[in-house]
Amino acid sequence: MADTALMHTTVLLDEAVDALLGGAGPTPAGVFVDATFGRGGHSRRILERLGPDGRLVAFDKDPEAIHEAARITDARFSIRHEGFRHMAELPERSAAGILMDLGVSSPQIDSPERGFSFRFDGPLDMRMDTTRGESVADWLETAEVGQIAEVIREYGEERFAGPIAKAIVARRAERGPLRTTSELAQLVAGAVKTREAGQNPATRTFQALRIFINAELEELQAALEACLRVLAPGGRLAVISFHSLEDRIVKQFIAQHSKEVYDRRAPFAAPQPMRLKALERIKPSAAEIEANPRARSAVMRVAERTEVPA
């Protein structure tokens with residue numbers, strides 16, 4: 001297997017680690033969580049900064065990420081082959097900081113056999129965890145027109161979702177189901193009449209199907225809720241998003257929990273205290289974007305867990 005750690009350029013590397021460890025002192029101790037290990041860029045930098053009493057727990061669904069994590073021999077590090085919603089299983093108030101990088105890693109995108117990209121011909125898979133679940137090809141083989149259109153419209157914000165869905169089902173009836181990324185990309189190109197300059201017609205459809213088949217937005221919601229339970233008071237939450245659907249969820253979640261909540265049914269009762277304090281919103285620098293164009297759409301939001309009343 002290629003050295004995937006060297007093939008992948010981690011976005012907002014120093015900014016994310018600084019945000020995560022910023023309140024933990026010069027030799028951070030406690031348990032920190034890299035909720036999306038990927039190819040380990042953030043984890044390795046966190047371990048460089050952690051004090052001897054610090055611990056790092058990572059999560060990832062991708063078997064190749066687990067293989068890469070095995071290269072880290074630091075006794076302070078451990079990884080779980082699970083999605084980050086499983087952070088909820090960690091002890092309450094046990095984490096001094098949690099980092100989520102919601103991007104798809106370059107090795108995933110650039111591996112034809114994973115089926116994430118229309119730039120390569122490969123099986124139409126797109127599963128983050130190739131050991132379980134249904135592939136995109138399997139789902140498209142039986143899904144109805146309305147279901148396909150809804151997924152592409154909701155998760156890809158694709159205005160031609162209807163024509164694309166009809167083309168997929170028509171192709172299935174005439175010549176059998178779609179099995180490769182090239183077949184899907186060509187079909188979408190024929191159904192999309194106009195597209196923004198420089199964007200492949202299949203971009204939004206591929207994004208939508210990947211998000212759907214991996215239940216990415218549902219898992220993000222569950223993971224954010226888990227963070228409220230797992231973060232210790234003063235613990236940092238840093239989330240890097242790469243498209244508007246993810247960032248909207250993160251932004252709204254932080255905003256929702258960054259204010260006191262009054263119960264209108266009990267106007268004289270004490271309000272539910274705020275549970276998060278929004279700290280900052282960070283974008284990659286112009287230099288980082290020039291060096292790594294995939295960083296262009298990234299945005300990181302940082303919040304801190306407030307004191308939890310006894």
Side-chain angles (χ1 to χ4, degrees), residues 8-13 15-16 19-20 33-39 41-42 58-62 65 82-88 97-106 108-109 114 116-117 126-129 133 136 150-159 161 196 199 202-228 230-231 236-258 276 278-284 288-289 292-303:
H8 179 65
T9 302
T10 304
V11 175
L12 290 170
L13 176 57
E15 294 88 342
L20 183 71
V33 179
D34 183 350
T36 48
F37 177 81
R39 295 304 180 264
H42 286 123
F59 291 78
D60 209 293
K61 294 193 288 188
D62 186 348
E82 295 174 318
F84 57 5
R85 70 168 65 222
H86 289 273
M87 283 191 296
I98 297 173
L99 172 63
M100 303 182 194
D101 179 347
L102 305 180
V104 180
S105 71
S106 297
Q108 288 173 319
I109 295 172
R114 300 301 297 271
F116 285 112
S117 177
M126 298 198 203
R127 288 173 296 165
M128 294 291 185
D129 185 349
V136 167
E150 181 180 6
V151 165
I152 296 174
R153 184 181 304 111
E154 180 177 352
Y155 296 129
E157 300 178 300
E158 172 59 77
R159 64 183 182 275
E196 296 89 340
Q199 185 179 84
T203 299
R204 294 177 181 271
T205 296
F206 271 66
Q207 171 187 293
L209 292 171
R210 190 205 79 225
I211 290 173
F212 169 75
I213 211 68
N214 293 291
E216 291 180 25
L217 300 187
E218 293 84 355
E219 179 151 31
L220 173 58
Q221 289 276 19
L224 290 169
E225 292 292 342
C227 290
L228 282 181
V230 171
L231 272 173
R236 294 282 186 88
L237 171 65
V239 186
I240 304 172
S241 305
F242 287 83
H243 59 74
S244 59
L245 295 175
E246 293 171 339
D247 184 52
R248 191 178 308 138
I249 289 172
V250 176
K251 177 182 178 181
Q252 291 175 351
F253 181 84
I254 292 174
Q256 174 189 350
H257 295 288
S258 294
L276 290 173
L279 296 182
E280 53 188 337
R281 175 182 179 272
I282 299 172
K283 295 277 290 179
E288 178 171 6
I289 292 171
N292 179 19
R294 286 176 176 170
R296 183 178 295 108
S297 61
V299 56
M300 179 171 66
R301 296 186 185 272
V302 185

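On a predicted model such as this, the values are computed, not experimentally measured, just so you know. The basis for the numbers below is simple: all heavy atoms, side chains too, and nothing from hydrogens, waters or symmetry mates.
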- Item | Intermediate values then yes/no, side-chain contact (heavy atoms from CB on, under 4.5 Å), R39 and D62 | CA-CA 10 Å; R39 295 304 180 264; D62 186 348; 3.4 Å; yes
- Could you go step by step and tell me if Q108 and M128 meet the side-chain contact (heavy atoms from CB on, under 4.5 Å) rule? CA-CA 8 Å; Q108 288 173 319; M128 294 291 185; 3.6 Å; yes
- What do the steps show when you test M100 against L220 for side-chain contact (heavy atoms from CB on, under 4.5 Å), and what is the final call? CA-CA 9 Å; M100 303 182 194; L220 173 58; 4.2 Å; yes
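Partners of A222 under the side-chain contact (heavy atoms from CB on, under 4.5 Å) rule, at least two apart in sequence or in another chain, are R85. With sequence neighbours excluded, the residues forming a ring-ring contact (aromatic ring centres under 6.0 Å, His included) with F206 are F118, listed by chain and number. With sequence neighbours left out, E82 forms a side chain to side chain donor-acceptor pair (under 3.5 Å) with R80. With sequence neighbours excluded, no residue forms a salt bridge (charged side-chain N to carboxylate O under 4.0 Å, His left out) with R281. With sequence neighbours left out, F37 forms a ring-ring contact (aromatic ring centres under 6.0 Å, His included) with F77. Legend: residues meeting side chain to side chain donor-acceptor pair (under 3.5 Å) with E219, ordered by chain and number and at least two apart, are K61. The ring-ring contact (aromatic ring centres under 6.0 Å, His included) test applied to F253 returns H257, not counting sequence neighbours. Partners of E157 according to the salt bridge (charged side-chain N to carboxylate O under 4.0 Å, His left out) rule, which considers only residues two or more places apart in sequence or in another chain, are R248. Not counting sequence neighbours, the partners of L209 by the side-chain contact (heavy atoms from CB on, under 4.5 Å) test are M126, V136, W139, L140, V151, L184, T205. A search for salt bridge (charged side-chain N to carboxylate O under 4.0 Å, His left out) contacts involving R153 returns nothing, not counting sequence neighbours. In this view, D60 satisfies the salt bridge (charged side-chain N to carboxylate O under 4.0 Å, His left out) rule with no residue, not counting sequence neighbours.
Smallest separation of non-hydrogen atoms from A65 and G38: CB-O, 3.1 Å. The two atoms that bring P284 and A295 nearest to each other are CG-O, 3.2 Å, heavy atoms only. Between T36 and D101 the shortest heavy-atom distance is OG1-N, 2.7 Å. Heavy atoms only, all atoms of each residue included: A208 and G156 are closest at CB-N, 3.4 Å. Of all non-hydrogen atoms in V230 and A88, the two that sit nearest each other are CG2-CA, 4.5 Å. Taking each heavy atom of R127 and F116 in turn, the nearest pair found is O-CZ, 3.7 Å.
Expressed to the nearest 0.5 Å, how far CG of L102 lies from OG of S241 amounts to 4.5 Å. I240 contributes atom CD1, which lies 5.0 Å from atom CG of L12 (distance to the nearest 0.5 angstrom). To the nearest 0.5 Å, atoms CZ (R204) and CD (Q207) are separated by 7.5 Å. Distance check: D34 CG to L20 CG gives 8.5 Å after rounding to the nearest 0.5 Å.
Two residues are said to be in side-chain contact when any heavy atoms from C-beta on lie closer than 4.5 Å; E216 and L245 fail this criterion. Put simply, the side chain of N214 does not reach to within 4.5 Å of the side chain of D129, judged on heavy atoms. Side-chain contact check for L237 versus L224: some heavy-atom pair is nearer than 4.5 Å.
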Between side-chain atoms of residues 296-303 and protein atoms elsewhere (two or more places apart, or another chain), which donor-acceptor pairs fall under 3.5 Å?
from: S297; atom 1: OG; to: F242; atom 2: O; distance (Å): 3.0
from: R301; atom 1: NE; to: D247; atom 2: OD1; distance (Å): 2.7
from: R301; atom 1: NH2; to: D247; atom 2: OD2; distance (Å): 3.0

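At least one donor-acceptor pair under 3.5 Å links the side chain of H42 to the backbone N or O of V11. E246 places no side-chain N or O within donor-acceptor distance of the main-chain N or O of L217, the cut-off being under 3.5 Å.
Open room surrounds CD on E150; 12 or fewer heavy atoms of other groups in view lie less than 6.0 Å from it. Residue K251 places its NZ atom among 12 or fewer non-hydrogen atoms of other residues, nucleotides or ligands, all under 6.0 Å distant.
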